[in-house]
Q: 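What follows is a single structure, and I will ask about it in a moment.
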Amino acid sequence: MMTYAQLRTALARMEESLAQTRHNLALVERRLCDGAEAETIRRRPKSRWYHRRMSRWTGANEAEYRRILDRMTDAAQAELERLRRKAERQNGAIEALRCKYRFNGERPRQFAL
């Protein structure tokens, strides 16, 4: 049986670990998006200069970006799934511990990057 202080310490450690896993997942997803954007820009150089307030990103560029992002996501699917499963397991362990000891304290807020 855990004391209240031990329970709070264990939950804080588990929540920190879950936050780090979610952060790593967000970093991988961001790296994929940035890489796809850079690849799109490299493949489709701009031949015209429009007014400075107009975007030079066209529908064809967006379609190419989506194709590249899909290809890169498929290549990194194993890593993404590993991180998602790890986050699900960690979240399940936190919920199980909270349920077992009937701990109703508020969970930390989740912030997106």
Side-chain angles (χ1 to χ4, degrees):
M1 191 76 171
M2 295 177 82
T3 65
Y4 183 75
Q6 290 172 333
L7 178 62
R8 286 187 56 83
T9 303
L11 284 173
R13 191 179 66 248
M14 292 168 79
E15 290 285 357
E16 180 62 32
S17 179
L18 176 60
Q20 184 64 37
T21 301
R22 287 180 174 154
H23 178 72
N24 290 341
L25 180 60
L27 286 178
V28 170
E29 289 171 345
R30 178 66 184 238
R31 186 183 70 215
L32 289 172
C33 290
D34 290 348
E37 184 177 353
E39 182 69 18
T40 302
I41 291 170
R42 189 185 66 73
R43 285 187 184 186
R44 297 186 55 85
K46 308 299 181 253
S47 60
R48 296 184 196 179
W49 178 260
Y50 297 107
H51 190 271
R52 67 181 177 170
R53 293 184 183 165
M54 293 178 66
S55 173
R56 294 189 297 163
W57 193 264
T58 64
N61 291 351
E62 184 66 25
E64 182 70 15
Y65 169 77
R66 292 288 172 195
R67 280 192 294 275
I68 293 170
L69 184 60
D70 288 344
R71 181 177 45 82
M72 292 175 81
T73 302
D74 288 343
Q77 193 64 32
E79 183 178 5
L80 290 170
E81 283 303 312
R82 180 185 61 81
L83 288 170
R84 286 184 187 126
R85 284 192 312 268
K86 183 177 180 181
E88 287 174 13
R89 281 193 315 270
Q90 288 173 331
N91 193 38
I94 290 169
E95 288 300 322
L97 191 62
R98 291 171 70 88
C99 184
K100 178 180 178 181
Y101 288 99
R102 297 181 181 162
F103 186 80
N104 293 327
E106 198 167 313
R107 289 187 73 175
R109 298 187 64 102
Q110 300 170 9
F111 295 103
L113 292 179

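Worth saying up front: this structure is predicted, and the values here are computed from it rather than measured.
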Q: Any carboxylate oxygen within less than 4.0 angstrom of a Lys/Arg side-chain nitrogen, looking at E39 and R42?
A: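 Yes, charged N to carboxylate O under 4.0 Å.
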
Q: Is it true that atom CZ of R8 has more than 12 heavy atoms of other residues, nucleotides or ligands lying nearer than 6.0 Å?
A: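 No.
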
Q: Starting at CD1 of I41, measure out to CZ of R56 and round the result to the nearest 0.5 Å.
A: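 Between atom CD1 of I41 and atom CZ of R56 there are 9.5 Å.
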
Q: In chain order, what residues pass the ring pair (Phe, Tyr, Trp, His ring centres under 6.0 Å) check against F103, with sequence neighbours excluded?
A: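 By the ring pair (Phe, Tyr, Trp, His ring centres under 6.0 Å) rule, F103 matches Y4.
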
Q: Would you sort out whether R67 and E64 count as a salt bridge (Lys or Arg N to Asp or Glu O under 4.0 Å), showing the intermediate values?
A: CA-CA 5 Å; R67 280 192 294 275; E64 182 70 15; 2.8 Å; yes

Q: Within this structure, what is the CZ-CG distance for the pair R102 and L7, rounded to the nearest 0.5 Å?
A: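 Those atoms lie 13.0 Å apart.
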
Q: Could you check R43 against I68 for side chain to side chain contact (heavy atoms under 4.5 Å, CB included), going step by step and ending with a plain yes or no?
A: CA-CA 10 Å; R43 285 187 184 186; I68 293 170; 3.9 Å; yes

Q: What is the distance from atom CG of D70 to atom CZ of R66, rounded to the nearest 0.5 Å?
A: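 Here the interatomic distance stands at 8.0 Å.
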
Q: Starting at CG of L69, measure out to CD of E62 and round the result to the nearest 0.5 Å.
A: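 These two atoms lie 9.5 Å from each other.
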
Q: Is the backbone N or O of D34 less than 3.5 Å from a side-chain atom of E37, with the two atoms forming a donor-acceptor pair by type?
A: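 Such a contact is absent between E37 side chain and D34 backbone.
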
Q: In the structure I gave you, are the side-chain heavy atoms of M14 and Q90 within less than 4.5 Å of one another anywhere?
A: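 SC-SC contact between M14 and Q90 ruled out.
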
Q: Using a strict cut-off of less than 4.0 Å between a Lys/Arg side-chain nitrogen and an Asp/Glu carboxylate oxygen, indicate whether R84 and E29 qualify as a salt bridge.
A: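 Salt bridge: yes.
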
Q: Give a yes or no on whether a salt bridge exists between K86 and E81, defined as a side-chain N under 4.0 angstrom from a carboxylate O.
A: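 No.
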
Q: Rounded to the nearest 0.5 Å, how far does NZ of K100 lie from CE of M2?
A: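 Spacing of CE (M2) from NZ (K100) equals 8.5 Å.
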
Q: Indicate if L32 and L27 have the same hydrophobic cluster label, given that clusters are the connected sets of ILVMFWY residues with side-chain heavy-atom separations under 4.5 angstrom.
A: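 Not linked; separate clusters.
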
Q: V28 vs R31, test: side chain to side chain contact (heavy atoms under 4.5 Å, CB included). Steps then yes/no.
A: CA-CA 5 Å; V28 170; R31 186 183 70 215; 4.0 Å; yes

Q: Is R13 salt-bridged to E16, cutoff N-O under 4.0 Å?
A: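 Looking at E16 together with R13, the answer is no, because their closest N to O distance does not fall below 4.0 Å.
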
Q: Do M72 and L25 land in one hydrophobic cluster if side-chain heavy atoms of ILVMFWY residues count as linked below 4.5 Å?
A: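 Yes; tracing contacts between hydrophobic side chains, which count when under 4.5 Å, links both residues.
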
Q: Linking I/L/V/M/F/W/Y whenever any side-chain heavy atoms sit under 4.5 Å apart, do L83 and L18 land together?
A: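 No: no chain of side-chain contacts under 4.5 Å links L83 to L18.
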
Q: Could you grab the distance from atom OG1 of T3 to atom OH of Y101, nearest 0.5 Å is fine?
A: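 T3 OG1 to Y101 OH: 9.5 Å, rounded to 0.5 Å.
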
